[in-house]
Amino acid sequence: MASKLTSREADYSKWYNDLVVQADLAQHSDVKGCMVIKPYGFAIWERMKDVLDEMFKETGHVNAYFPLFIPKSYFSKEASHVEGFAKECAVVTHYRLMNDPDGNGVVVDPTAKLEEELIVRPTSETIIWNTYKDWIQSYRDLPLLINQWANVVRWEMRTRFFLRTSEFLWQEGHTAHETSEEAVEEARRMLEVYADFAEQWMAMPVLKGVKSINERFAGAVDTYCIEAMMQDGKALQAGTSHFLGQNFAKAFDVKFATRDGGQEHVWATSWGVSTRLMGALIMTHSDDAGLVLPPKLAPIEVVLVPIYKGPEQMGEIVAALKGIAAELKAAGVRVKLDDDDSKRSGWKFAEYELKGVPVRLAMGPRDMAGGTIEIARRDTQTKTVESAKGIVERVKELLEEIQANLLSRAAERTTSTTRTADTWEEFLAALDAGGFVSAHWDGTPETEEWIKQQTKATIRCIPLDAPEEVGTCIKTGAPSCCRVIFARAY
RNA sequence: CGGGGCGUGGCCUAGUCCGGUUACGGCGCCUGGUUUGGGACCAGGAGAUCGCAGGUUCGAAUCCUGCCGCCCCGACCA
């Protein structure tokens, strides 16, 4: 724990990896591409999960759980869906092990071959729509608004802590509707939920938009997304919400009796966010001293550290801090009093900075004598000595101030690195500078692909609030009706 | 799949080129003591199939062959 972080400037990627490990968020497991999420990291994810779950319920959704395994044949039912996921599926082919006849541990029992292979879900549309077929008969069964919290597996070639791991945790909402309009409205509603969560809780500004055809979810009619800008100038897709049209209903033959007695295929959406949000959170706020957490998601909002000489002084100061901790807790603040006598205060200061605790209160003999307390804030790395009286109110104010400061700081960074480009040269320069680039595009997949090949930049989204603006494509010069957002991305 | 790197107590690491007593050191851990306003110090202690399997040799962490695993950079990524 005593080692120093690599600085962002020296090696951003190494900084990120060091930070994840040193802040005790996660570690690599021995399984390729898979990580162990450690208790502190998981506590942050649990906060996200709890808040999102509440938001889903407030918008009328309920939770359910579907199988981890999906029969292979289900995948072939929706053509573009299987095409999108086929290359990264883990497949279960056998169900039994046996002792190796040669005495080398266990081997797969060749006689225990499954008649039909099972796919470890990379996403659950197919198994869920196969189930919805039985649940939906009439318009009275609609809308069906279900979410599940689950793990999924995508066999990625290259992985990165939280941003892309072979197995990850997420939620996936799957809804069924009577009309196309309703389904679109649902997809848009959930996009708003995600955007709210990102901004209000993660203090992370996001761009709301719709994906181009190239970037669209396999099997969707439209993919809405929120895109965030990281400190190194690369974009991160933070959440997606898909309008699936009738694609899955047709693939799984899910029809309902309409109000006028007809039969129609159901309209669908799906939407999800994952542990990738952890990566987004880390890369949005953290600095060279470690993690920086927005108070609303911090497992510990305030840590109290006693400074003392000898057991007598310790008893006195810890008692005083216990009182403050109890008051803070009663006021709804998540608080930890670290009275571990085996660690010195200086060690604790460094440790909680590394772990991103928003506010640290320290009290020593000088404070006891003068009725003061030291308040240190993580976001600005500043500290002040203030009266211990009214500390609860002061801390609550400060937490709000930090939450707001993190959002405005991130928003400022995102805005200042968003550039417009009207020529190919400007476009290249803007990309190299990092950040979002707003530019005209002729609307064809071919041009987007060409730009991607040349620059590694993709269209992150076509912003929902993009004003109509006539222009010409930066590549082909063909007419364009509005600007889209390009960036290099994770 | 291409390129690079690594594999030695829980973690980091020296030693490998050029084979030779008991495998260096640090962090952490245990015991005792002194300390405590920014990652303390002293003393003692425990902890190792040197990734795996063969081979060469009187002798292998070190040389040879094969294999396995992980990380990083690319390719890939709804």
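Side chains are part of it too, since the values below use all heavy atoms of this structure and drop only hydrogens, waters and symmetry mates. In what follows, every chain begins at residue 1, and chains take the letters A, B, ... in the order their sequences are listed.
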_Can you tell whether the side chains of A:Glu186 and A:Arg189 come within less than 4.0 Å, N to carboxylate O?_
yes
*asked:* Can you measure A:Asp340 atom CG to B:G28 atom C1' for me and round it to whole angstrom units?
replied: 14 Å
*Could you give the NZ-to-P distance, from A:Lys87 to B:C76, as a whole number of Å?*
9 Å
*If the sugar-phosphate is the primed atoms plus P, OP1 and OP2 and the base is the rest, what is the B/S/- string for nucleotides 32-37 of chain B, using protein heavy atoms under 4.0 Å?*
---BBB
_Salt bridge A:Lys72-A:Glu117, side-chain N to carboxylate O under 4.0 Å_ = yes
_Positions of residues 269-284 of chain A (non-hydrogen atom under 4.0 Å from RNA chain B), listed by number_ = none
*In chain order, what residues pass the salt bridge (Lys or Arg N to Asp or Glu O under 4.0 Å) check against A:Lys49, with sequence neighbours excluded?*
none
*Aromatic ring pairing A:Tyr12/A:Trp15, orientation class (parallel under 30°, perpendicular over 60°, tilted between)*: tilted
_If I pick the P atom on B:G51 and the same atom on B:G9, what distance separates them, to the nearest angstrom?_
8 Å
_C1' atoms of B:G59 and B:U21, separation to the nearest Å_ = 12 Å
*Watson-Crick or G-U wobble partner for B:G9, using a 3.5 Å limit on both distances?*
none
*At under 4.0 Å between heavy atoms, what does A:Glu83 touch on the DNA or RNA strands: base, sugar-phosphate, or nothing?*
nothing
*Which is true for A:Ala350 with a 4.0 Å heavy-atom rule: it touches a base, it touches only sugar-phosphate, or it touches nothing?*
base
_Test: A:Asp253 and A:Lys77 ion pair at under 4.0 Å_ = no
*Under 4.0 Å between any heavy atoms, over every strand shown, what does A:Ser80 touch: base, sugar-phosphate, or nothing? Just pick one.*
nothing
*Searching all strands shown, indicate the nucleotide that pairs with B:C17 (Watson-Crick or G-U wobble; both distances under 3.5 Å).*
none
_Distance between P atoms of B:G25 and B:G47 (Å, rounded)_ = 16 Å
Taking only N/O atoms, report every protein-nucleotides 68-71 of chain B pair under 3.5 Å with atom names and distance.
from  : atom 1 : to      : atom 2 : distance (Å)
B:C70 : OP1    : A:Lys32 : N      : 2.9

*Check whether any side-chain N or O of A:Tyr16 sits under 3.5 Å from a backbone N or O of A:Phe161 as a donor-acceptor pair, and report yes or no.*
yes
*Could you give the distance separating B:C77 and B:C12 at their C1' atoms, to the nearest angstrom?*
33 Å
_Quick check: closest heavy atoms across A:Ala362 and A:Ile373, and the distance to 0.1 Å?_
O-CG1, 3.5 Å
*asked:* Any base atoms under 4.0 Å from A:Gln453, or only sugar-phosphate, or nothing? Heavy atoms, all strands.
replied: nothing
*Identify the two heavy atoms, one from A:Arg276 and one from A:Tyr490, that lie closest to each other, and give their separation to 0.1 Å.*
NH2-O, 3.8 Å
*Starting at CG of A:Asn214 and ending at P of B:C76, how long is that distance when rounded to a whole Å?*
13 Å
*asked:* Please report the distance separating the C1' of B:C11 from the corresponding atom of B:C17, rounded so that it comes out in whole Å.
replied: 28 Å
_Under 3.5 Å donor-acceptor, A:Gln246 side chain and A:His265 backbone_ = yes
*Under the salt bridge (Lys or Arg N to Asp or Glu O under 4.0 Å) rule, collect the residues that match up with A:Asp339, sequence neighbours excluded.*
none
_Nearest-angstrom distance, P atom, B:A61 to B:G54_ = 15 Å
*A:Leu163 CG to B:C76 P: how many Å, rounded?*
18 Å
*Under a 3.5 Å limit for both distances, which nucleotide forms a Watson-Crick or G-U wobble pair with B:A75, could you say?*
none
_Taking the basic N atoms (NZ, or NE/NH1/NH2) and the acidic carboxylate oxygens, is any pair closer than 4.0 Å for A:Glu401 and A:Arg377?_
yes
*asked:* Nearest whole Å is fine: how far is B:G28 P from A:Glu351 CD?
replied: 12 Å
*For A:Pro122 and for A:Arg360, find the nucleotide of RNA chain B with the closest heavy atom, then tell me which residue's nucleotide is more 5'.*
A:Arg360
*Side chain of A:Thr384, backbone of A:Glu386: donor and acceptor closer than 3.5 Å?*
no
_Measuring from atom CG of A:Leu236 to atom CE of A:Met283, what distance do you get when rounded to the nearest 0.5 angstrom?_
5.5 Å
*Within this structure, what is the CZ-to-P distance between A:Phe85 and B:C76, rounded to whole angstrom?*
18 Å
_Mate of B:C52 where both pairing distances stay under 3.5 Å, Watson-Crick or G-U_ = B:G66
_I'd like to know if A:Lys383 reaches the base of B:G38 with its side chain such that a donor and an acceptor end up less than 3.5 angstrom apart._
yes
*Within residues 482-490 of chain A: residues closer than 4.0 Å to RNA chain B (heavy atoms)*: none
_Any side-chain to backbone donor/acceptor pair from A:Glu172 onto A:Trp271? Under 3.5 Å, distance only._
no
*State the pairing partner of B:G47; accept Watson-Crick or G-U wobble contacts with both distances under 3.5 Å, and report none otherwise.*
none
*B:G4 and B:C58, which share atom name C1', separated by this distance in whole Å*: 39 Å
*Measure from NZ on A:Lys355 to P on B:G38 and round the result to the nearest Å.*
21 Å
*Taking atom C1' in both B:U16 and B:G5, what distance in whole Å separates the two?*
16 Å
*Counterpart base for B:A40, defined by Watson-Crick or G-U wobble contacts under 3.5 Å*: B:U34
*Distance, rounded to the nearest Å, where A:Glu156 contributes CD and B:C1 contributes P*: 16 Å
_Nearest non-hydrogen partners of A:Ala23 and A:Tyr40, listed with the distance_ = O-CD2, 3.5 Å
*Tell me, please, whether A:Trp450 has A:Lys475 positioned over its six-membered ring: NZ or CZ under 6.0 Å from the ring centre and within 45 degrees of its axis?*
yes
